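Every heavy atom of this structure was used, including side-chain atoms; hydrogens, water molecules and symmetry mates were not. Because the structure is a prediction, the values reported are computed rather than measured. Letters go in sequence order (proteins before strands), and every chain restarts at 1.
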2 protein chains.
Amino acid sequence: MRDTLKKAGMRWTKQRQQIYDEIIDETKHYTAEDIHSKLVNKKIFIGLSTIYRTLQLLEGKNIVKRVPIGKDATVYETCEEESHGHHHMHCSRCGKILEIHVDMLEDIEKIIKTKYDFTITGHTVMFTGLCSTCYHKAESDSRK
Amino acid sequence: MRDTLKKAGMRWTKQRQQIYDEIIDETKHYTAEDIHSKLVNKKIFIGLSTIYRTLQLLEGKNIVKRVPIGKDATVYETCEEESHGHHHMHCSRCGKILEIHVDMLEDIEKIIKTKYDFTITGHTVMFTGLCSTCYHKAESDSRK
DNA sequence: ATGGTTGCAAACTTTTTGCACTTCG
DNA sequence: CGAAGTGCAAAAAGTTTGCAACCAT
């Protein structure tokens, strides 16, 4: 990331390093607010606007990407190095987000390239439904 | 839609009818604002908040669904009756949204049910990349 | 030195909410 | 009639922006 930014003539600042530290080991999803409060907990004070600006920057550089979760704030996740990674399942009852690790889109992407001449650089898949727990709860609710 | 709402003990009002008329024949995407201004153009005045409330309601009833497009406002589309329908491709250069009509997730959904016991009721797929036009433009740009 | 970067506060946008009034059933 | 729905205006919530000070290179 440091090199990517430098190559683009941008600077590697203390703030960017600190944001980077927050999101790099992160397998989870986060909003600008999330990062801000995690830093505040560590007594590190960075302006919220800096975080917004940094996330936008990193999105443009394909270091983070938005995930279509959360109807209020913009949720991001750190892009994975290898291949295409995981997908999401969103339980419409409890709101939980689960990750799926199933290889699935490789073949489809080839078809799309052939059929539509669209060059794919990334994708987001979100399944909606009921997680195991909620599915069973919903069943027993309906028996009442 | 009328029956769906009535069954849930909700009322079929003039406003809901008018919003319904706007979105039903719609193959496109729309925001609350879009619907509002289309109605205003037809000299129909409905409070914006009513539209927000209605869209939320319809989302819960699976009549419309959000699509992860547009970083500013919430974009919806009307759910399709049959099967699972289409998916989206978002060109990161020109911003155009293209629709893909490729059957793809049926098999994967079965796998997910078995592997994760997650009951899928819908899904959203968004591919990011370059459309044919932009891909060729980008190529020639890099030769300059 | 110089131009990208930050912090702060103010501005903006989108979405939500309280409440009195209206309307469907 | 009574409960659900609407409109309006005010409030929230999230995000962006202008600008002076700051600091990597």
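Here D:dA9 is the nucleotide among D:dT16, D:dA9, C:dG7 with the atom lying nearest to any side-chain atom of B:Ser49. Comparing atom distances between the B:Thr74 side chain and each of C:dT15, D:dG14, D:dT25 picks out C:dT15 as nearest. Checking D:dG14, C:dT16, D:dT16 against every side-chain atom of A:Asp72, the shortest atom distance belongs to D:dG14.
Atom C1' of nucleotide C:dC12 and atom CD of B:Glu33 are separated by 14 Å, given to the nearest angstrom. Between B:Arg66 atom CZ and C:dT14 atom P there is a gap of 15 Å when expressed in whole angstrom units. In this entry the distance linking CG of A:Leu48 with P of C:dA10 reads 16 Å, nearest Å. Between B:Leu57 atom CG and C:dT16 atom P there is a gap of 13 Å when expressed in whole angstrom units. For the pair B:Ile19 CD1 and D:dG7 C1', the computed distance is 13 Å after rounding to whole Å. Here D:dG5 presents its C1' atom at 14 Å from CD of B:Gln18, a figure rounded to the nearest Å. One can place CD1 of A:Ile46 at 11 Å from P of C:dC8, the figure rounded to the nearest angstrom. To the nearest angstrom, C1' of D:dG14 lies 14 Å from NE2 of A:His36.
A:Gln56 has no side-chain polar atom (N or O) that falls below the 4.0 Å cut-off from OP1 or OP2 of D:dT15. Of the side-chain N and O atoms in B:Gln15, none sit less than 4.0 angstrom from OP1 or OP2 of C:dT22. Regarding contacts with the backbone of D:dT6, a side-chain N or O of B:Thr13 is found under 4.0 angstrom from either OP1 or OP2. In this model, the phosphate group of D:dT16 is not approached by any side-chain N or O of A:Tyr52 to a distance below 4.0 Å at OP1 or OP2. The shortest distance between the side-chain N/O atoms of B:Arg53 and the OP1/OP2 oxygens of C:dT16 is not below 4.0 Å.
With salt bridges taken as basic N to acidic carboxylate O contacts below 4.0 Å, none links A:Lys38 and A:Asp34. Look at A:Arg66 and A:Glu59 and you find a salt bridge, because one of the NZ, NE, NH1 or NH2 atoms lies within 4.0 Å of a carboxylate O, short of that distance.
Residues A:Lys61 and A:Ala8 share a closest heavy-atom pair of CE-CB, 3.8 Å.
Closest-nucleotide positions on DNA chain D for B:Gly47 and B:Arg11 were compared, and the one nearer the 5' end corresponds to B:Arg11. Mapped onto DNA chain C by nearest heavy atom, A:Arg16 and B:Lys6 fall at different nucleotides, with A:Arg16 at the one closer to the 5' end. Each of B:Trp12 and A:Gly9 has a nearest nucleotide on DNA chain C; the 5'-most of these lies closest to A:Gly9.
With hydrogens and angles disregarded, a donor-acceptor distance shorter than 3.5 Å links the side chain of A:Arg16 to the backbone of A:Arg11. Judged purely by atom type and a 3.5 angstrom limit, A:Tyr30 uses its side chain to pair as donor or acceptor with the backbone of A:Thr78.
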